[in-house]
Each structure stands twice: as structure tokens, then as C-alpha cells.
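Data block below; observations after.
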There are 2 protein chains.
Amino acid sequence: MRDVARLAGVSPGTVSNALNHPEKVSPATRERILSAISELGFVPNDAARQLRRGTNASIGMIVLDIANPFFTAVAHGVEQRLAEVGRPLVLANSGQNHEREVAYLDLFAEQRLSGVLVTPAGQVLDRLRRLRDRGTAIVVVDRKTGAREFSSVSVDDSLGGRLATQHLLEIGRRRIAFIGGPEDLSQIEHRLGAARTAVEEHGSGEIVHLDVPTLDVEAGRTGARELLDLPAARRPDAIFAANDLIALGVLQTLTLRGVRVPDDIALVGYDDIDFAAAAAIPLTSVRQPAVAMGEAATTRLLDVIADPAGSQVEHIVLEPELVVRRSTVA
Amino acid sequence: MRDVARLAGVSPGTVSNALNHPEKVSPATRERILSAISELGFVPNDAARQLRRGTNASIGMIVLDIANPFFTAVAHGVEQRLAEVGRPLVLANSGQNHEREVAYLDLFAEQRLSGVLVTPAGQVLDRLRRLRDRGTAIVVVDRKTGAREFSSVSVDDSLGGRLATQHLLEIGRRRIAFIGGPEDLSQIEHRLGAARTAVEEHGSGEIVHLDVPTLDVEAGRTGARELLDLPAARRPDAIFAANDLIALGVLQTLTLRGVRVPDDIALVGYDDIDFAAAAAIPLTSVRQPAVAMGEAATTRLLDVIADPAGSQVEHIVLEPELVVRRSTVA
DNA sequence: GCTCGGTCTTAAATCGTTTCAATATGAGCG
DNA sequence: CGCTCATATTGAAACGATTTAAGACCGAGC
């Protein structure tokens, strides 16, 4: 910057003003400075700026699994909203790994980010508190876990579970299998709980829970195999998968075994990722407004940043929506 | 840090040494300093450290489309390799948008990142040069576009195109349709070119190119519809899709129209994303070693960072591999 | 001709670390 | 006991921007 100042024949302070407070500098001087900058290829040093200003404009985001289209959709919403206000996004992937999550949170703390969006994988309340106490705004995404003290944005899992189940009952299915787990995951708990309630309210029908350890395609395959091996009388006529990855695995196994979807077994997924609509037999799915969730979380975060003291904790709950496709009605 | 020094009864310089050069500090002092740090909850300010050190340990990565599983797989490889050396990754998504790509490159320049991995979306050679001249290492991923002067890692598209085509010919198919575009994309050009060569070499058979503007699921749907509307005599008995997203769209349309895969039409995709193996009829696909590509690019980048002058430009070309599944052989 | 008010510009202090030359400490040795 | 040498610690100077109070300049008004 000193070089720029020298070339333009002004002091470093004026160069800074030209860049950050253009109204304080006469147009002629400003012009001279700008051309000196481009001539020298000067690029301001962000570290120095941050050090002096005391804040970092960037926003950090820690997602659970970057390979899951649901999370990339959320990230997309975040990115979009941030682009509007010109703040950069630093995206990090914890991969459900607590250690990596902690490492990233520590990194963000050192970087003095102005805000962090996080879907916690492990026990990180203390670290989040410390971050917050040091002036970083926090919003929890897609979780409400114990974090009553932080604003959050999530989707109503009970409603989602109910919508899917009522739909299956309405199209005449009575033996519903729910594939997903583990049950201590709040999402699973709520979706399955609401499904059970819906069956009870309906009066007829039954629901069985097929517990699987993970929420991926392979879990869907093994789950489906297990169901197909049941004696015909106990075989379900509908499957409610805890997410679309599982549903895709189920669909694959059913197809390979020659079971007709939806004729023999109807199938409902959850999330409505792009690949649900792209499946050979397009999946009926409970759509989570992922992009909207990212946007809402970002808006909330920006509010907290703007007024850390004034803004109080807020839990935004978005509504899912059932998207009916060929996997339940031909 | 001053507070920590005061509490531990030492000077700030010693606190810094305790953190960065532990061997220079006596164990007793170090112990005292560490406990002072945790008592005060001190977190070093990254901006100040960077300013003084003059470098930023972080690595930046700009991907073309974060919603495409292929790129998240590459990012995964990068992340994994970086975790080994303890460097953080800053992930950015250009979304094929030149302006956003430029904005991120400028941001990375201001941040003085030590290295950047980029899959260029637009014309950014000049900016990459400027970055490099300012001391940031650059490696181009999945492209070789005009960037002879930067190290790159890519996959042999000609080989991929040949493998897919030879396979289709070997299983007796003769009328092959290639769906993908635009042809001025080097990837498309090479895959299609090699497919044509393979057909020629084989002596019998023909290949037609169905140009589509994008490389997504919808392109596959419309492409397939177009082919199915052809008079029976001109209908292909095999489809080679430029990527798996297109192949999934094709598979969906074929399934809905009652065309049997592979009996009536065999289908080959490209990339071998996770969803290819997860399709109702598992897709035969040309596997791009995405994770390996991320790892190789990172290793190369770290080498350039370690020795910017000594290391010369290197173009690493990985080999794709044909993964045969049910969409071509029952 | 002098003062006043406003606009531009400058110089110096500052942000929180790291680094390095200089100093303090202490052990070992003749 | 004095000297040397190695080790541990200190203090001050950077790093490169932003900010703020002070100063320079200029035309206007009396």
C-alpha cells in the first residue's frame, strides 16, 4: 500500500480512505490512486485489515455430510443469501466426525468469524457457548438438540411423518414398514412417532419399525431384502423410508427381485433430493425445504450479527410437504 | 496474549514460544503458560498470526457445482489429504458462474492462501497468473483448458469414451447414441471422439450424437424421449450418456415408456457417482477416480507450496475404469 | 489583510501476534 | 572464584492495513 501511495503521490491513509470511504477523498485523488493500484496490481492484505478492524466478514458453515444432496441444497440456500450481502462462505464438512467438527469450530474461533451455521454431530455445546461469548453469532441448522439457547432452523419431522403415513393409508395400504434408525436420532424419533400416531388415529393398519444403523443406500438394500424374506402374510404393502437414500436402495432391491412398485409395495422417501425425482420410478417423498432452510438460517444469523444483544433466541420450524409421484400412485 | 503472559508471569514472547516452539521453553514455564491459557480461555488471533507470518496455511478450492456428487467426491479426496497435514480447506462453489468464480479468486488473493485448487468455469488465466505471481500455488482440477502453465490433474476422457464404446460393441450393440454436449467442452469432445474412433476401428456399427445443452437429469429425459420418437428402424440399441446424471434421466424415461434395459436398449453412464450403483437398474458406468483425483491434486499442490521455484509444471492424467452393471448385461 | 469554515490530506497510533537480537541465569570447569 | 558456554527469557521491532486527531489548503466574508 505504501508503494501505491508513493506512486499516487499521497499518504497511505489516503489510499485506505479511497478504498473504504470514497466520499472522503476528492474524485481526482481517488482516480489517481485507483490507477496506481491497478498499475501495481495491489491486493489489500485481508489479515491486516481484519486485525485492525477486529472482525472477519466471513460466515462459516459446518455440514454433516457433503455427499448428501440434502446438505448441499441447504448450503446452496446459504450461499445464495450471503451472496446478496456480499459475505463469503467458508464451507466445512464434519462427515459426522466429532473430532473434525471440533477442529473446525476451533479454526473458526481463531478466525474470529462473524457467524457460524452448524449442524452439530457431537457434543459441542460448550464450544458453541465459548464461540458465542467471544462474539461469533451461532445458528443451529436442522437440529434442535439441547441447543435451546441458540437460534435454530429446522423442519417439522412429526408433520412429515404424518403426511407420509396418511398418504399411504389413504391409498389403501395397511401394513407399513418404516425403515430407518437409530431411534435416538430426534429426526427418526419424530418421523416414526408421528407415523405410529397416524396409524392409530386411522383405526386400521399397522406399522413395524425396521431398525437400521445408518441412513444410506446400503441400509435400504438390506432393509428391503429383510422384508422380502418375510412370509407372504407378513410382508408389508408399503414402505416408508427415513430418507431418500434408503428409499433408493429399497427401490433397487425391489426392482431386482421383480416386486412391482407401487402395485405390490408402495414406497415413500424423505427429503425429496433431486435424485428422488430422477429415480427410474420417481419417488413419492416428503420434501424438506432445504434451500429455504439455508436461507432462513442465514437471515437469522445476519440478524444476530447485526444486533447480538437485542435479538433473542428464536426457533424457526419450517413445514415439509408431500410430493406424490409414481412410487405410490401409478 | 498479554493477559496470559501476565498471569503466567512471563513475557508475551515466551507465550508465543510456548505455543509455536515448545522446545525453546522450559517444561515448567510451558506448563504454567498452558494452564493460564485454559484459565483465561485464550484463543490466538489468526489474523495477527497471519499478518506476522505472512502466509495463510489454508487451501482454497473452487468447484463447478457442489450439487454434483462427482465434485463432492473430489472435494472429499482433497479434504482427506489435507487433514493428514493439518491444513484447513476453504470450499467455494462457483456454480459455473464466471462472476462468482472471479469473486472467490479475488477473495483468496486477499487472504493470501498458500494454495488454490480450481476447476475453471470461465476465462480466468490472467487472474490465476496474478495469484501465482503473488505466491499462491495453483493446481487445475479436471481441466487442462489452455492452462499448460499450471499443473493439472485430470482423467483420460478418450480412454473413457473408448472403454464404454468397446463394451457396447462387444455385447453386440451396433446403433449407439451418444447423449451430451456442448461439443466444445473438452470432456465431451474427447469422449465422443474416442467413441467414434472405437466404432471405426471395430468396422461395423454406427454412432450418432444427440447434442444437449446441459449435463443434467433433464437433458437425459428429453434426449431419451427424442430417441424413442424415432422410427423403429433408426432407434438405437445402446445409449452412451456423457455423464451419470444424463444416464439417470435416460433410464427414467425408458422405464416409464416400458422400454427394457438392457434388453431393448443398453445404457452406459459416465463418472460412476454413488447414485449410478444405486439406480433401480444399476448403471454400467465409466468410473472416474474422483477421490484419487482430489488426493493427487492436493499432493501436487503441497509439493508446489513446499518448493514453488523448483517444482515444474506437471500434468497428471488418471485412468478411468469401466464398471459393468445390469444396465448393459443382465 | 485577516479570520473563519469547510474540505482534503497527513502522521502516528493501533490491532495481536511472531521473531530476533540482547540479556539474564545457571551449570561446568580449571 | 572467575570465566565460558549453553539455555531460557525478555523487550522491542516488525507485519500491513485502518482510524483519528491534527494540519494544510483554499476561497469567502468582513
Round to a whole Å and report the spacing from [atom1] of [X] to [atom2] of [N].
X	N	atom1	atom2	result
R112(B)	dA17(D)	CZ	P	7 Å
K24(B)	dA6(D)	NZ	P	16 Å
I33(A)	dT10(C)	CD1	P	8 Å
M1(A)	dC15(D)	CE	P	14 Å
N20(B)	dT17(C)	CG	C1'	9 Å
D46(A)	dT18(D)	CG	P	10 Å
R32(B)	dA8(D)	CZ	C1'	11 Å
R52(B)	dT14(C)	CZ	C1'	16 Å

If you measure from the Lys or Arg side-chain nitrogens to the Asp or Glu carboxylate oxygens, is any gap between R6(B) and D3(B) under 4.0 Å? yes
Under a 4.0 Å N-O cut-off, is there an ion pair linking E79(B) with R100(A)? yes
Does the side chain of S26(A) get closer than 4.0 angstrom to OP1 or OP2 of dT7(C) through an N or O atom? no
Would one find a side-chain N or O of H21(A) under 4.0 angstrom from OP1 or OP2 of dT18(D)? no
Under 4.0 angstrom, heavy atoms only, what part of the nucleic acid is [X] near: base, sugar-phosphate, or nothing?
X	value
G54(B)	nothing
T14(B)	base
V15(B)	nothing

R49(A) and N56(A): side-chain donor and acceptor closer than 3.5 Å? no
Step through the shown structure and confirm whether more than 12 heavy atoms of other residues, nucleotides or ligands are within 6.0 Å of CD on E84(B). yes
Step through the shown structure and confirm whether more than 12 heavy atoms of other residues, nucleotides or ligands are within 6.0 Å of CG on D303(A). yes
Looking only at side-chain atoms of [X], point me to the closest of [options].
X	options	result
F42(A)	dG16(C), dC8(C), dA17(D)	dA17(D)
N45(B)	dT19(D), dT18(D), dT17(C)	dT17(C)
S11(B)	dT10(D), dA8(D), dT20(D)	dT10(D)

5' precedence on DNA chain D between A48(B) and E23(B) (nearest-nucleotide basis): E23(B)
Given DNA chain D, 5'-ward residue of the pair S16(A) and V25(B), judged by closest heavy atom: V25(B)
